[in-house]
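One structure is given here, and the rest of the page talks about it.
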Amino acid sequence: MLPATPTPPVHTTSLQGLRKIHTGKVRDIYEIDAQSMLIVTTDRLSAFDVVMQDPIPEKGRVLNSISNFWFARTGHIVPNHLTGRSVDEIVSDPGERAMLADRAVIVKKLKTVPLEAVVRGYVIGSGWKDYQKTGAISGIKLPAGLKQAAKLPQTLFTPSTKAEMGQHDETISFEQAVSIVGAATAARVRDTAIALYEFAAKYARARGIIIADTKFEFAQQPDGSLVLIDEVLTPDSSRFWPADTYQEGTSPPSFDKQFVRDYLETLDWNKKAPAPKLPAEIIAKTSAKYLEALKRLTA
């Protein structure tokens, strides 16, 4: 759990003495040396692939805490990129240390696998649209008559490409994944991602959360073995549903930025930058949803 005292929201970072090597939708990455990096999870939020102007208080600390929670519990399935080093080793400024508390980790610098490892346990989102049109998801044939949000007969691995910021990931077949990374790596990614999802889904279900789907990212050691990287099983990378209100045939509410997406859909906005300002009520409700997900999982 996070300390009870909220911290000031963090939209962008600029740390002294470290070179920023990447700015993502949510994370800022700094180079430490040839072997390691500092990842800072900010309170930025993106919707429709556009980063909002307004940060969501506590979001970054929630995402970082949930990822660390899962990293600590999935080492029996696959190793991860955490080094275990303290941020205080490389950040000496007291103000920067306070800002980074609970939102930064030092990780190994590794060669990433150029796939998004998407795993689905339920028929929802783009998978539901695909199923309605084709009776399949990513070319995987499914029984007729499944309802929206129905539990799938088996866990599906539906990989996608890794798009640049502002672009959309593209769902691909397993055969296309093989052509990108090779048969052995594609099979390892698929089997590891499914094992991670099924382990986490069982754990979360006992705590009142259904993990409908999620995405993982992996890197490789020099020997080709997989390492789990980035964020893991958070409300940003997964669809979390409250189990007590789950019902087939509807799109269940989720522990994430749905309040923001729903609000933006009411606006005359072309879903391109710059993003509109968010009302205080939407920001507060979204922050509360992220905090509730953390509490349910880790309390």
Side-chain angles (χ1 to χ4, degrees), residues 1-15 23-29 39-69 95-96 98-105 124-125 165-166 168 204 208-212 214-215 230-242 244-245 251-299:
M1 289 296 293
L2 293 175
T5 309
T7 56
V10 175
H11 190 278
T12 53
T13 67
S14 181
L15 301 178
T23 301
K25 291 173 186 170
V26 175
R27 285 163 187 78
D28 293 344
I29 303 178
I39 298 182
V40 183
T41 308
T42 72
D43 296 319
R44 293 194 294 269
L45 181 143
S46 73
F48 309 111
D49 290 316
V50 177
V51 175
M52 300 292 108
Q53 302 175 47
D54 305 280
I56 304 298
E58 300 299 289
K59 176 177 180 278
R61 296 206 303 163
V62 165
L63 296 181
N64 189 57
S65 297
I66 289 178
S67 286
N68 290 344
F69 173 83
E96 290 187 345
M99 183 264 289
L100 295 174
D102 299 311
R103 67 168 72 247
V105 287
I124 198 69
M165 189 166 170
H168 293 283
I209 290 177
I210 293 171
I211 304 178
T214 193
K215 71 177 179 65
D230 198 56
E231 65 179 313
V232 185
L233 294 153
T234 72
D236 267 20
S237 65
S238 321
R239 225 179 292 259
F240 285 8
W241 295 335
D244 53 357
T245 56
S251 181
S254 50
F255 291 102
D256 63 3
K257 51 194 171 187
Q258 195 60 48
F259 285 117
V260 174
R261 284 192 292 254
D262 290 347
Y263 167 73
L264 294 171
E265 289 283 19
T266 69
L267 304 180
D268 182 18
W269 176 52
N270 63 3
K271 296 179 182 172
K272 293 190 166 116
K277 292 282 290 177
L278 297 176
E281 179 192 10
I282 299 296
I283 292 171
K285 282 184 174 179
T286 303
S287 179
K289 272 293 174 194
Y290 278 91
L291 286 162
E292 185 184 350
L294 176 65
K295 183 178 177 182
R296 284 209 192 192
L297 278 176
T298 64

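FYI, the numbering just counts along the sequence from 1.
Legend: residues meeting side chain to side chain contact (heavy atoms under 4.5 Å, CB included) with Ser251, ordered by chain and number and at least two apart, are Ile124, Gln148. With sequence neighbours excluded, the residues satisfying side chain to side chain contact (heavy atoms under 4.5 Å, CB included) with Glu265 are Phe48, Lys271. In this view, Asp43 and Pro9, Val10, Pro55, Lys59, Arg103 satisfy the side chain to side chain contact (heavy atoms under 4.5 Å, CB included) rule, not counting sequence neighbours. For Lys289, the salt bridge (charged side-chain N to carboxylate O under 4.0 Å, His left out) partners two or more places apart in sequence, or in a different chain, are Glu292. Under the rule for a side chain to side chain contact (heavy atoms under 4.5 Å, CB included), the partners of Asp244 that lie at least two apart in sequence or sit in another chain are Pro242, Arg296. With sequence neighbours excluded, the residues satisfying salt bridge (charged side-chain N to carboxylate O under 4.0 Å, His left out) with Asp256 are Arg261.
Residues Thr245 and Pro252 have side chains not in contact (no heavy-atom distance under 4.5 Å, counting atoms from C-beta outward). Side-chain atoms of Tyr290 and Thr234, non-hydrogen and from C-beta on, never get closer than 4.5 Å to each other. Thr42 is not listed as a side-chain neighbour of Thr12, based on a closest heavy-atom distance of 4.5 Å or more. You'll find the side chain of Thr41 stays beyond 4.5 Å of the side chain of Arg61, heavy atoms only. Annotation: side chain of Ile211 is in contact with side chain of Phe240 (closest heavy-atom distance under 4.5 Å). Contact annotation: the side chain of Lys25 approaches that of Asp49 to within less than 4.5 Å [non-hydrogen atoms, C-beta and beyond]. For the pair Leu264/Leu278, a side-chain contact is recorded, criterion being any heavy-atom separation below 4.5 Å from C-beta on. Residues Lys257 and Ser46 form a side-chain contact, since some pair of their non-hydrogen atoms from C-beta on lies under 4.5 Å apart.
Between Pro253 and Trp241 the shortest heavy-atom distance is O-CD1, 3.4 Å. Listed here is the closest heavy atom pair of Gly125 and Arg239: CA-NH2, 3.7 Å. Scanning both residues, Ala204 and Leu297, for their nearest heavy atoms gives CB-CD2, 4.0 Å. Contact record, His11 with Met52: NE2-O, 3.0 Å, taken as the closest heavy-atom pair. Heavy-atom minimum distance, Leu267 versus Pro276: CD1-CG, 3.7 Å. Contact between Pro235 and Phe255 at its shortest, heavy atoms only, is CB-O, 2.8 Å.
Side-chain atoms of Glu58 come within 3.5 Å of backbone N or O of Thr7 as a donor-acceptor pair. Using modelled atom types, one side-chain atom of Thr214 and one backbone atom of Ser237 make a donor-acceptor pair closer than 3.5 Å. Of the possible polar contacts, none joining the Ser287 side chain to the Ile56 backbone as a donor-acceptor pair under 3.5 Å is found. A donor-acceptor pair under 3.5 Å is absent between the side-chain atoms of Ser65 and the main chain of Val62, judged by distance alone.
A salt bridge between Asp28 and Arg44 is present, with a side-chain N of the basic residue lying under 4.0 Å from a carboxylate O of the acidic one.
With rounding to the nearest 0.5 angstrom, the CG atom of Asn68 is 11.0 Å from the CG atom of Leu63. Atoms CG and CG, on Leu45 and Asp54 in that order, are 10.0 Å from each other to the nearest 0.5 Å.
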Walk me through it: do Thr286 and Tyr263 pass the test side chain to side chain contact (heavy atoms under 4.5 Å, CB included)?
CA-CA 11 Å; Thr286 303; Tyr263 167 73; over 6 Å; no
